[in-house]
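Below you'll find the structure, written out as structure tokens, and then a few comments.
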Amino acid sequence: MFKLVGFLKPFRKECIAGPFFKLLEAVLELLLPTVVALIVNNGIARGDEAYVLQMGALMIGMAILGYGCSLVCQHYAARASQGFGTDLRNALFKHISSLSYAEVDRFSTSSLINRLTSDVNQLQLAVAMLIRLVIRAPFICIGAIIMAMILDLRLSLILLVSAPIIGVILYFIISRTAPLYRRYQGKLDRMGGVLSENLTGARVIRAFAKGREEQKRFKETSGDLAGTAIHVGRIAALLNPATSLVVNGAIILILWAGGLHIDSGSLSQGEIIAFINYVTQILLALIVVSNLVIIFTKAASSGARVSEVLATPASIADGKGTAAPSAQGVPALGRSAESSASASPHAPRLTSALPEVPSAPPAIAFESVSFGYSATGELALDGISLSIARGETLGIIGGTGSGKSTLVNLIPRFYDPVQGTVRVNGADVRAYRLEELRSLIGVVPQKAMLFTGTVAENIRWGKPEATAEEVEEAARTAQAAEFIAKLPQGYETVLARGGLNLSGGQKQRLTIARALAAKPEILILDDSASALDYATDAALRKALRETAVGKTLLIVSQRVSSVRHADRILVLDDGKIAGLGTHGELLASCQVYQEVCQSQLSGEEAVS
């Protein structure tokens, strides 16, 4: 938690002025019992009404002044705590945004959401209490004891004996509850994960009639969380009654001993009243301290969780930038003039006869690349070496878990390889600034993700300054223009969160249009046509051939029909390259590709 103190630096004034005004209020509060003693001894005992009214007016003035000091402190505490929370939340969100997929997977989405919300809120509360009460409560306790000692040193010994007992109680509560609060936060993360799965997967749960099972799972998770909360609550609940028992016991002893002192004439009635008031102030301050103990114990747990995220370095470090040549103005490789002009979707690509341009590095190159999602787990990719020319269309196919998506995720550095090098335009991707690298690449992920806003705003996501004509052109290429025209407000139709008011195929076409609108040099379609029918898929591929001339295109798909007319096809099997070549070459030489074709195409379709 102390690592987060730096976020309070912009609020030094509030952190100093707030406790100062609270301290003034405490001083005034400590003086009130003494004024009461004076009223009893010098006013009521002597029947001096004027003195009583005069001192009463003084007490009212002190109360009003104390109230004003309290309001000023509250104002500074609110500014500091809310400002601290805002800055911390922004810094935490910025850091999370810089983390790679690997770190996000390690923490889990639900845990990161809880750390951004409930943990930061708990820290905000701790800052507010720090300014408002951390100075005041101990000062009241110590000040009341000192004032009591001034009134009667022998009676105050009872308070001094009570202090160590209260200290032992506080230590017992803190040592027992601190680990339980950390465990509670972990279980809160788990419940958040279960809740997220149930809300996002509601349709699947209903489709498989798993409602009761999921209700039972949530009930068990919620019950486990409640059990931990009850356990820690039972321990924390001992704090107030235990401190009250000790202090009230001290009050009984003080009344008994004070009565003897009054009988002997060594203590006046006003002084015993003031003494009891000071003991009451101590009791109230200790109740506040006990509540502060609970608040700061929770805050310590939350602070550790927030600090853990902030201390986690991003495995994908930003490069220094590179002057690697752009694809603009470089002759496209992998297409002949005849194939570019051909509009037939069945025309084969003849890349081997094309002349090479020695001065132009490949658009993408994998050099002995290996990658694993876990340091101790199996490799998802093993020894991949591959060169993709500028303007080439590469189809990537393979079975589930063969490493297709993993391979393309290394290009924009969503992950870094554990061995080998990935190059874009001849430069190591790790040398690029991330913004620079990803501006070259358009990615359409497997899961179509849209954002709340209009259709046009979603298409402009990669290029906010795109004109209406560019938006419409991207939509036409992505085969989305027809269904957009049928929407109530066309391109200005507002989409629900995640595009829930669209079908799966419509969402996929909009995500493709979003990538196309950014006009990237490299376009990656990661199984992004899985929800499209064959006719729409074919029309999409034809439109891409016509409009994406000169762009390097990677098409990841489970369908042979989606990749068969690519310039080359990469076949992956268990993280390794099983074959690389044209459709015809692979049919003749690659057993894995032959098996895929046999499962999807008839004999005539396979060779056509």
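Model, not experiment: these values are computed from the prediction. Count residues from 1 along the sequence.
Residues Gln479 and Arg541 have side chains that never bring a donor and an acceptor to within less than 3.5 angstrom of each other. Side-chain contact annotation: Thr221 with Arg217, donor-acceptor N/O pair under 3.5 Å absent. Asn114 and Arg190 share no side-chain donor-acceptor pair at under 3.5 Å. For the residue pair Thr536 / Asp533, a side-chain donor-acceptor distance below 3.5 Å is found, with atom types taken as modelled. A side-chain donor from one of Gln446 and Ser405 sits under 3.5 Å from a side-chain acceptor of the other.
A distance of 9.5 Å separates OG of Ser307 from CG of Leu92, quoted to the nearest 0.5 Å.
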**Study point:** Derivation and outcome, salt bridge (charged side-chain N to carboxylate O under 4.0 Å, His left out), residues Arg423 and Asp428
**Key:** CA-CA 4 Å; Arg423 297 185 184 276; Asp428 189 334; 5.4 Å; no

Review point. What's the verdict on side chain to side chain contact (heavy atoms under 4.5 Å, CB included) for Leu386 and Glu367, showing C-alpha distance, side-chain angles and the deciding distance?
Key: CA-CA 7 Å; Leu386 172 68; Glu367 300 173 357; over 6 Å; no

Practice item. Give the intermediate values and the outcome of ring-ring contact (aromatic ring centres under 6.0 Å, His included) for residues Tyr415 and Phe371. Key: CA-CA 9 Å; Tyr415 298 96; Phe371 175 78; 5.2 Å; yes

Check your understanding: Could you walk me through whether Ile555 and Asp526 pass the side chain to side chain contact (heavy atoms under 4.5 Å, CB included) check?
Key -> CA-CA 6 Å; Ile555 302 175; Asp526 185 6; over 6 Å; no

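Screening Ile364, Leu553, Leu570, Asp567 for a side chain to side chain contact (heavy atoms under 4.5 Å, CB included) involving Leu394 leaves a single residue, Leu570.
With salt bridges taken as basic N to acidic carboxylate O contacts below 4.0 Å, none links Asp573 and Lys576. A salt bridge links Arg115 to Glu308: at least one charged side-chain nitrogen sits closer than 4.0 Å to a carboxylate oxygen.
With contacts defined as side-chain heavy-atom distances shorter than 4.5 Å, the pair Glu585/Leu580 does not qualify. Within the 4.5 Å cutoff, side-chain heavy atoms of Leu310 are placed close to those of Leu88. Within the 4.5 Å cutoff, side-chain heavy atoms of Lys463 are placed close to those of Lys519.
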